Amino acid sequence: MSTASPGPAQHGQRPIARVLIDSPLPQLDRLFDYGIPEALREQAVAGVRVRVPLRSAGRVADGFIVEIAPPGDYVGVLSELEEVVSAVPVLTPEVWALARKVSERAAGNANDIVRLAVPNRQVRVEKAYLAAEVQTPLAPLHPPARVQGYGDGVIETAIAARSRFAVDAIPLVAEVTPGVWVGEWAVTMAAAAAATLAGGATAILAVPDYRDQEQLASALAAVLPAQRVIRLDAKQSNPDRYRAFLRCLSDDPVVIIGNRSVVYAPAANLGLVALFDDGDPLHSEPLSPYVHTRDAALVRQEQSGCALMFLGHARSTEVERLVEVHWVRVFAPQPAVLPKVVPTAQQSSEDRLAAQARIPSTAWREARAALEFGPVLVQVARPGYAPKLSCADCKRSARCMKCEGPLGQKTSRSTPACNWCGALAVDWRCANCDGERLRFVGSGAGRTAEDLGRAFPGVRVIVADGERPILTVGAEPALIIATRGAEPIAAGGYRAVLLLDGESMIARESLRVAEDCLRWWSNAAALAARRAPIVLVGVGGALASAFVTWRQADFARSELADRRALRFPPAVRVATVTGTVQAVADAVATLGVDGPDILGPVDVEGGGVRTIVRFDYARGAEIAAALRAEVVKSAANRRRALGKAARGPVPVSLKVRFDDVEPFLEQ
DNA sequence: AGCACGCCGACT
DNA sequence: GTCGGCGTGCTC
């Protein structure tokens, strides 16, 4: 047809554009075929942003061309692309394939993954990028430094062979450039990335948080030129992020570092995906469809055939499962590096009677001796001053006068406040005995610092927690009181590490407590100098002995065996199905008679019910597809349900979430 | 989400 | 006989 008029046209055998519409609706989360007008033939390539008509003339939607294909099986009149918004192919075929597979696995929208993978367009940034298209070639690479500590060439060989492997990190700190200290894990990761680049391929490195990212960046700066390293993380401003994203599209081998969504970076010629500390909950994506970095990395490894490395001080049960099914191999430090852990399971009776009963005499001795030489780390469970308060008269726990929440205190001088609603407890009176005086219960970082400051007069005391983050401290003597996960790196390593609140950490009720505690302690222990004493206070049993003997993998193995016996994740997969009674029942019914275990339904707050579906990994794809179909069906019918039950808050009729361990947290 | 299509009660 | 109610279904 040669008419100039817009609208449907006959296309014969001309190629069509398959478009992903940017929409949160599950029923639109699939590809639509569009004709390509003559004027857009050149620009309409896979990956570009487009605007397309949807349903009726005049309405346009944004989207991406996913592929240019011969006419598909769609019979009917095709609409035509309205506009190619930008010439940059931002949704690469590889990333699209990843988004589709990952979202299918989680019964979610591919669009939601694409939103994580492709940052918002920034026109100025894009123009600058296109103008500089004649890129200056990057300087050639030096031969890379070896990956030290695992036997000569072992890691390099595994990367070159595109293996999947788990590496036990070396629990030491290292000076990468004069005055800059990082965890040895960062050195290992940087060297692995350099080896990948030397082989002509790109590496993606994902770490839990920005503190880890700083260490990794320092380690990389020591082995690679700055132009070879790209940061791509959520803390960046939109323009910075888009600029970094566009750089990833280059064909030159680079290292891309960032936190969880960096696994979706558009690397051409991917050689390695590496994760540090995959057990850290920050690797768990809080946005639908809640895909963990580890799972996305596993899918990407299969699709691209790159190497895959899990690196950490404490192996997660998920990685242990992969080890046991021989999906990943294991590398341990060669020779072994064993921190010197001193258990103090039983406190002596003198200790109990002593004024400082929280800190046993062994710990005091180690701290006192170590403070002669350098910094001492004290890990505590809670921030603030006193995590809890009670009535000084009747000893009952003090409750908020507004919402009955527990009271706590931030600093020694601040007004007590409710831990739930934040209301200040002024003119507080005990609901039980009408007492007016409060008493501190337990010690947060602040109160611990005060106690230790009194015990070690003249020693500098530094508090590091989520609110007052401190990344590094010097080599001079000081007491560093840190909440778990907020420990600074000390130049040269800590001369002693005291893990004070093991007992209360372990008292938390959760499926993962033991695993989490071992990880928190191991990560803190890895900040110690070689041979420095690490004192674990008040914890005994299998968990403590795994820590003392530095056999985290053995612990993960027995933990996984326990989960297998109980059919708990990650020994099996789970999905939660939440919504109206009817929708949940219908969805579960489609799973068939020889289907998975069905637990529930139970009522959830806000109305509706939740059912847990539990099944073996092999059935995951089938169950995800079935539940996904139900979500689409119920989304299309939702307004009907809304219309009928017009009064009161109506819950979304059906939600599905895979690999959600939350329902297993309270056992 | 929007928006069109379609089958039953009050109106010129 | 027709106008229009919103229940139902689709979007290349």
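Only a predicted model underlies this, so the values are computations on that prediction, with no experimental measurement involved. Residue numbering restarts at 1 for every chain, and letters A, B, ... go by the order of the sequence lines. Computation of the quantities below employed the complete heavy-atom set of this structure, encompassing side-chain atoms and omitting hydrogens, waters and symmetry-equivalent molecules.
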**Request:** Would you kindly give the CZ-to-P distance between A/Arg59 and B/dA4, to the nearest whole Å?
**Result:** 9 Å

**Flag side-chain contact, heavy atom, 4.5 Å: A/Val90 against A/Arg49** = yes

**Prompt:** Is any side-chain heavy atom of A/Arg164 less than 4.5 Å from a side-chain heavy atom of A/Trp327?
**Reply:** yes

**Request:** Specify the separation, in whole Å, of atom OH of A/Tyr34 and atom P of C/dT11.
**Result:** 10 Å

**Message:** If I take atom CZ in residue A/Arg30 and atom C1' in nucleotide C/dT11, what distance separates them, rounded to the nearest angstrom?
**Reply:** 7 Å

**Message:** What is the distance, to the nearest angstrom, from the CG atom on A/Leu54 to the P atom on C/dC10?
**Reply:** 14 Å

**Asked** How long is the line joining CZ of A/Arg51 and P of C/dT11, in whole Å?
**Response** 21 Å

**Request:** Look at atom CD of A/Glu622 and say whether more than 12 heavy atoms of other residues, nucleotides or ligands are closer to it than 6.0 Å.
**Result:** yes

**Request:** Can you tell me the distance, in whole Å, between the CD atom of A/Gln27 and the P atom of B/dG2?
**Result:** 12 Å

**Prompt:** Can you check whether A/Arg657 reaches A/Arg610 side chain to side chain, under 4.5 Å on heavy atoms?
**Reply:** no

**Prompt:** Can you tell me how far C1' of B/dC3 sits from CG of A/Leu25, to the nearest Å?
**Reply:** 13 Å

**Item:** Protein-nucleotide distance (A/Leu81, atom CG; C/dC12, atom C1'), rounded to Å
**Value:** 11 Å

